[in-house]
Amino acid sequence: MTGAPPPVTSAPGAPAPERAAAVSPLRRLLSELTRSRSGFVGLCLVVAILLVSLLGPLVLGSQVVGDPMRAWEAPSGSHWLGLEGGGKDILHLLVTGGTTVLMVGFLAATITTVIAVVIGSLAGYFGGRFDALMLQLTDVVMTVPQIVLLAVVGAFYKLDSPMLLGVIIGILSWPVLMRSIRAQVLSLKEREFVEAAQLLDVGWVRIVFGEIVPNMASYILINFIIAVTNAIYAMVGLYLLGLAPQKGSNWGIMINDAWTKGAMFNPDAMAYIIAPVTMIVLLQLGLILLTRTLEEILNPRLRDR
């Protein structure tokens with residue numbers, strides 16, 4: 001007589017597959033990032049600069065008061081990086097200036113990504129005349145030099161708001177990503193899950209933004225981070241060249257002010273130009289390392305190498 005199979009007993013706790021399924025995608029992503037040396041370094045750099053730039057003004061205050069009688073004072077125990085030409089603490093300016101740079105970078109990247117995803121997805125899905133029209137529009141936008149256009153806009157309108165500058169940068173920076181998104185959609189719309197959604201007649205909005213776009217989430221995330229780096233470079237470059245009003249406090253204005261006042265020729269003022277450049281380099285390095293590691297994690301072909 002064949003005995004009945006022994007009952008399946010489970011060890012304390014959920015089985016391994018269930019435990020793996022219970023882990024959120026964000027938690028798995030963070031776990032993969034911490035396992036990669038470059039990813040962990042990039043994540044630490046970005047998080048540290050975010051915390052300093054966002055929480056620093058709450059601790060030190062957003063207003064930097066200067067004493068012109070103490071201009072270009074050398075670094076000391078009370079002023080670690082010294083004082084600039086207006087007698088303002090350079091470290092305080094460095095902390096408060098990072099908030100604007102980060103806000104403009106993320107605002108411009110968000111606008112760029114949203115425009116590129118919407119137009120690229122619709123153009124790739126519908127094709128035809130709409131696709132041809134959107135491609136012509138991207139060609140027109142790509143041929144317009146950003147610096148020249150911003151200089152012209154600044155001559156006629158007051159670009160006294162960094163957020164307005166971020167909006168303009170975002171509006172001008174979407175064509176390259178749009179073409180990449182379009183190419184992805186052209187490939188994805190031939191997949192079985194899209195054909196099944198079309199047979200169910202769920203509507204193009206559900207198909208495009210509920211089925212196709214989520215399958216590009218990792219690609220969009222990586223390109224969003226790249227857009228942040230490009231927007232920060234564009235913003236700092238405009239302030240450095242004097243094409244944006246030197247109003248307020250950010251790292252680009254600090255570099256421009258240090259350059260025009262000859263801080264590089266004053267040994268006591270070298271921190272005024274080195275400090276913001278160092279922060280920009282560290283932020284961009286962190287974003288680049290983070291982007292490269294995310295691409296290795298989210299791209300199966302790179303992950304299997």
Answer yes or no: is there a side-chain heavy-atom contact under 4.5 Å between [X] and [Y]?
X    : Y    : answer
T99  : M103 : yes
V64  : S249 : no
D131 : L122 : no
V228 : L287 : yes
E84  : M254 : no
W251 : S53  : yes

[X] side chain vs [Y] backbone, donor-acceptor pair below 3.5 Å:
X    : Y    : value
S121 : V118 : no
N266 : G262 : no
T112 : G170 : yes
N256 : Y239 : yes
Q284 : T229 : yes

So which of [options] actually passes side-chain contact (heavy atoms from CB on, under 4.5 Å) with [X]?
X    : options          : value
L60  : D89, T96, V95    : V95
P175 : T143, L135, V141 : V141
W174 : T138, I111, T113 : T138

Exercise for the section: Please assess S38 against T293 for the test side chain to side chain donor-acceptor pair (under 3.5 Å), listing each intermediate value before the final yes or no. Expected result: CA-CA 7 Å; S38 60; T293 306; 3.3 Å; yes
Heavy-atom count check: over 12 atoms from other residues, nucleotides or ligands less than 6.0 Å from [X] [atom1]?
X    : atom1 : value
F40  : CZ    : no
K189 : NZ    : yes
R292 : CZ    : no
M216 : CE    : yes

Practice task
Show your working on salt bridge (charged side-chain N to carboxylate O under 4.0 Å, His left out) between D139 and R179 and close with a plain yes or no.
Solution key: CA-CA 10 Å; D139 291 337; R179 287 179 173 272; 2.4 Å; yes
Problem - CZ-CE distance between R129 and M134, expressed to the nearest 0.5 angstrom - result: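 Atom-to-atom, R129:CZ and M134:CE are 14.0 Å apart.
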Practice task
Indicate the ring-plane relationship of F126 and W204, choosing parallel, tilted or perpendicular according to the 30° and 60° boundaries.
Solution key: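 Because their plane-to-plane angle is over 60°, the rings of F126 and W204 count as perpendicular.
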Practice task
Heavy atoms only: give me the nearest H92-Q63 pair and the separation to one decimal.
Solution key: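 Looking at all heavy atoms of both residues, the shortest contact is CE1-O, 3.5 Å.
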